[in-house]
Amino acid sequence: ATGDFSFIKEVDAVAICVPTPLDAHQQPDISYVKSSTESVSEYVHSGMLVILESTTYPGTTEELLKPILEKSGLACGKDFYLAFSPERVDPGNKQYKTKNTPKVVGGIGKDATEVAASLYRNVLNGGVYEVSSPAVAEMEKLLENTYRNINIGLANEMAIICNRMGINVWEVIEAAKTKPYGFQAFYPGPGLGGHCIPLDPFYLAWKAREYDYHTRLIETSGEINTAMPEYVVNRVMKVLNKKQTALNGAKVLVLGVAYKNDIDDYRESPALNVIDHFIKEGAVTTYFDPYIPEYKHKGVIHKGEKELTDEMLRDADIVV
Ligand SMILES: NC(=O)c1ccc[n+]([C@@H]2O[C@H](COP(=O)([O-])OP(=O)(O)OC[C@H]3O[C@@H](n4cnc5c(N)ncnc54)[C@H](O)[C@@H]3O)[C@@H](O)[C@H]2O)c1
């Protein structure tokens, strides 16, 4: 690895895969893409291929990257190639890694698509699917992640309704799964986490507003998922109430703070908000996560338990 951008003078292809977070107003923060492209632009040279892999709103490659790179005096499609190919990574997935996951590629012009596709075909085994433009590739990535976001929102809404009706939501999902077509199982939980699924749909919602379209499904799913940590804490309060224990002062042990199984990534993890709610309600809250000994959230450092013991489990009023 190097932090020296002048190295780009020597290479034939550059892939940009910098973070694409949201700002304080839940709007796309494209500053990392912009600044890294500006750095690449200083060293872009004839015959070179530039690929954006960061998840972003449709139009970023053509509207933002192309003009920055052309400031070099070189013309896109003539002197250098520019394409978008979304990163597909499922952290913790034992079967699918970058190497064996199909890659979608859309370039500015057929030549750019072909050059980018042949680069990936040479290093990956999952196959490459070519589309007609970067915007199609940018949008298909947002469809993938919005699909997950909304279906998780639906699973959470089902959990809330089932609980009110006294129906076991897990049994319902297992039964629905027996249908061999037209149904994919999603599961309820304390909300959404990670750098992608909670954030990416807001890139689409933001861009859609430019076209006078309000993405209602995305907003509604966001509302349901964002409310889940508080919902979890309310459910815990009711469970404790049954054994005449108040949440205020109760010993709550939280197991796992990452946003999914067997990884050390706690970015946007709803567990952090669940813990914040417990603390706010006066619960004596501890956590254990073998992958995350401590984490920082809203400026506060939280230290986890070093190991999980039988005594800790016996001592807790509730384990979440
Ligand atoms: N992590 C995932 O599972 C995943 C999956 C699919 C898509 N994505 C997308 O990939 C992109 C990157 O996500 P990530 O999780 O890998 O982020 P990350 O924060 O883990 O890594 C980004 C890297 O970019 C570097 N960086 C930041 N600014 C830079 C600059 N100006 N110039 C050069 N390098 C710079 C950082 O040092 C860091 O190493 C995002 O758009 C994300 O939505 C991530």
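Whatever order the structure lists them in is the order used to number ligands and atoms, beginning at 1.
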* OH/Y129: more than 12 non-hydrogen atoms of other groups inside 6.0 Å -> no
* Shortest heavy-atom approach to atom 29 (C) of ligand 1 - which of V18, L199, I16 -> V18
* Identity and separation of the nearest protein heavy atom to atom 41 (O) of ligand 1 -> T20 OG1, 2.6 Å
* To do: Would you tell me whether S221 and N225 have side-chain atoms, one donor and one acceptor, within less than 3.5 Å of each other?
  => yes
* So which heavy atom in the protein is nearest atom 9 (C) of ligand 1, and how far is it from that ligand atom? -> T55 OG1, 3.6 Å
* To do: Kindly check if the number of other-residue, nucleotide or ligand heavy atoms within 6.0 Å of NZ (K260) is above 12?
  => yes
* Do ligand 1 and S35 have nitrogen or oxygen atoms that lie under 3.5 Å from each other? -> yes
* **K141-ligand 1 polar pair, N/O distance under 3.5 Å** => no
* Report yes or no: do R209 and Y213 form a side-chain donor-acceptor pair below 3.5 Å? => no
* **Closest to atom 13 (O) of ligand 1 (judged by heavy-atom distance), picking from R267, E87, H195** => H195
* Asked: If you measure from each non-hydrogen atom of F5 to ligand 1, which part falls under 4.0 Å: side chain, backbone, both or neither?
  -> side chain
* **Which residue and heavy atom of the protein sit nearest atom 3 (O) of ligand 1, plus the separation** => P91 CG, 3.5 Å
* To do: Among all protein heavy atoms, pick out the one at the shortest distance from atom 28 (N) of ligand 1; state its residue, atom name and that distance to 0.1 Å.
  => Y32 CD2, 3.5 Å
* **Check: R148 side chain, I197 main-chain N or O, donor-acceptor pair, under 3.5 Å** => no
* Asked: Do any heavy atoms of S39 fall under 4.0 Å from ligand 1?
  -> no
* Has M139 got more than 12 heavy atoms of other residues, nucleotides or ligands less than 6.0 Å from its CE? -> no
* In terms of residue, atom name and distance, what is the protein heavy atom nearest to atom 30 (C) of ligand 1? -> S36 CB, 3.8 Å
* When you measure from atom 36 (C) of ligand 1 to every protein heavy atom, which one gives the shortest distance, and what is it? -> P19 CD, 4.8 Å
* Take R216 and E219 through the test salt bridge (Lys or Arg N to Asp or Glu O under 4.0 Å) and record every step on the way to the result. => CA-CA 5 Å; R216 285 162 292 172; E219 302 288 338; over 6 Å; no
* **Under-4.0 Å heavy-atom contact between protein and atom 38 (C) of ligand 1** => no
* With no hydrogens and no angle check, do the side chains of E87 and S54 hold a donor and an acceptor under 3.5 Å apart? -> no
* Do the rings of F186 and Y147 sit parallel, tilted or perpendicular, given the 30° and 60° boundaries? -> perpendicular
